[in-house]
*Asks:* 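This is the structure I have questions about; it appears just below.
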Amino acid sequence: MELFLIFLAATLVNNFVLTYFLGICPFLNVSDRLDSSFSLGMATTFVMTMTAAVSWLINNFLLIPYNFHYLEYVSFILVIASLVQLVEMFIHKVSPPLYEALGIFLPLITTNCAILGMALFASMRDYTFIETLVYGFGAGVGFTLAISIMAGIRERLQLADVPWPFRGAPITLLIAGILALAFMGFAGLLAV
Amino acid sequence: MNIIAILSMAILGALFALGLAFAHKTLKVDQDERVEKVDDLLPGADCGACGYAGCEAMAKAIVEGKIKPTKCPVADEETYEKIADLMDISLQEAAGENVAVVLCRGGKEEAKSAGEYKGIETCEAANLVGTGGKVCSYGCLGFGDCVDVCDFEAIRMNENRLPEVIEENCTACGACVEACPRDLIEIHPVERSLFVWCKSHDDGATARQACEVACIACTLCAKLCDGVEMEDDLAVVNHEKTDTCDPGVEKCPTDAIAYK
């Protein structure tokens, strides 16, 4: 039950994109097609879950015993960068079209602050290994959810007659704002 | 204490590096080996000035023949030559450029309007439901599908709602050719300048009423020069033959045939 609550909190209540406003760059830029945004979401989820696991190990077996808290950022970024490289190679091998579709945003998962944010939050909250894993996975699912909803709306928007000053970025930002408001409704779901 | 901190990070980094090196070997993607060689020759600045995401993407495009090596603004002559050698094309061929040409000059001033189109604002959609606001059913619809697909900002809409090719930017990739539902855009070598700027197969009277600059199938140019042929009420320039004769563009009553 505790694990489920952590998952739900990371996915809906404290959605990384729409509540913490982390990872906005891919959220606004890769969200014009549903299938590629979903794939980016999956890749991010994978990186987040792996990061959660590896960063917990580093944190608990290296940083805490030797009192190296100040190395958190450095080592977590190291983990994230390596994992993203791995995912990039993997996707290039397995699905070249997806590799093309994600383009520059695949290596840019490295600089997705939602991932570093997730690793830092997890260490701040003293989660156990399993809890951290669930938290990382939940954060990834939340990111996928947000970016997929955005992509779905933007796909429909292509057929809509948007007044010209609002076309492109402005309407996207407006939608992001409304989505964030909608997600605030989840705040009453559980107190975290 | 600090020594341990530095050491631990170094070891951690080395471990990850080893893991990645291993993954690089096992997950290596087989691709045209020329891509890697061309990539090595390119400056590696990843500046994106060629219009691609980086040097690797451009190398791939060069190998596929989509872009000329000379489109890299950073590389020097020597690099162009090396890449041209590698690709087994002469440098002249590498530099000899093609550009897109839009073969319709009937903008909103010249072409007669048939009413206001109020549907989805793309050429593709407008083409499905009819003439998209113009009387002429062959001409440019003016919603700029070609502008949208161009990755190189090489085509833009002018005030007359006609697409204009910016030749310095054009890589002749052919995206606009495919995007145009009316097949008005063609790829030609940059030095070609004589074109019939109209694709209307309407008979003379209909074409004249629809647009001021339409080909009205008077056959004058075809009579003056073997290089112009009439195909279904439209003059078509055969570029291989126009060197030998003059089609007399100044005599064309609607200026449909003209030099660029």
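A note on names: the letters A, B, ... follow the listed sequences, proteins ahead of strands, and every chain is numbered from 1.
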*Asks:* In terms of heavy-atom contacts, does CD of B:Glu159 have more than 12 from other residues, nucleotides or ligands at under 6.0 Å?
*Replies:* no
*Asks:* Identify the two heavy atoms, one from B:Leu12 and one from A:Ile58, that lie closest to each other, and give their separation to 0.1 Å.
*Replies:* CD2-CD1, 3.6 Å
*Asks:* Indicate the atoms forming the closest heavy-atom contact of B:Phe16 with A:Val79, along with that distance.
*Replies:* CZ-CG2, 3.7 Å
*Asks:* Check this for me: B:His24, atom NE2, are more than 12 non-hydrogen atoms of other residues, nucleotides or ligands nearer than 6.0 Å?
*Replies:* no
*Asks:* Within a radius of less than 6.0 Å around CZ of A:Phe7, do more than 12 heavy atoms belonging to other residues, nucleotides or ligands occur?
*Replies:* yes
*Asks:* Using side-chain contact (heavy atoms from CB on, under 4.5 Å), reason through B:Met9 and A:Leu71 one step at a time and then give a plain yes or no.
*Replies:* CA-CA 8 Å; B:Met9 282 303 117; A:Leu71 286 178; 3.8 Å; yes
*Asks:* Would you check, one step at a time, whether the test side-chain contact (heavy atoms from CB on, under 4.5 Å) holds for B:Ser8 with A:Phe68?
*Replies:* CA-CA 10 Å; B:Ser8 60; A:Phe68 286 160; 3.9 Å; yes
*Asks:* As an exercise, state the distance from CD1 of B:Ile11 to CG of A:Leu62, rounded to the nearest 0.5 Å.
*Replies:* 9.0 Å
*Asks:* Let me know if B:Lys60 has heavy atoms under 4.5 Å from chain A in its side chain, its backbone, both or neither.
*Replies:* side chain
*Asks:* Quick one: CD on A:Glu88 to CG on B:Leu27, what's the gap to the nearest 0.5 Å?
*Replies:* 11.5 Å
*Asks:* Taking everything shown except A:Phe166 itself, do over 12 heavy atoms lie less than 6.0 Å from its CZ?
*Replies:* no
*Asks:* For B:Glu36, is the CD atom crowded, meaning more than 12 foreign heavy atoms sit under 6.0 Å from it?
*Replies:* no
*Asks:* Give the minimum heavy-atom separation between B:Leu20 and A:Met89, together with the two atoms involved.
*Replies:* O-CE, 3.8 Å
*Asks:* Counting only non-hydrogen atoms closer than 4.5 Å, does B:Ile120 touch chain A with its backbone (N, CA, C, O), its side chain (CB onward), both, or neither?
*Replies:* side chain
*Asks:* OG of A:Ser82 to CG of B:Leu18: how many Å apart, nearest 0.5 Å?
*Replies:* 11.5 Å
*Asks:* Starting at CG of A:Asn67, measure out to CD1 of B:Ile4 and round the result to the nearest 0.5 Å.
*Replies:* 11.5 Å
*Asks:* Should we say atom CZ of A:Phe137 is surrounded by more than 12 heavy atoms from elsewhere, each under 6.0 Å from it?
*Replies:* no
*Asks:* Using a cut-off of 6.0 Å, state whether more than 12 heavy atoms not belonging to B:Glu124 lie near its atom CD.
*Replies:* no
*Asks:* Give a yes or no on whether A:Arg167 atom CZ has more than 12 heavy-atom contacts from other residues, nucleotides or ligands under 6.0 Å away.
*Replies:* yes
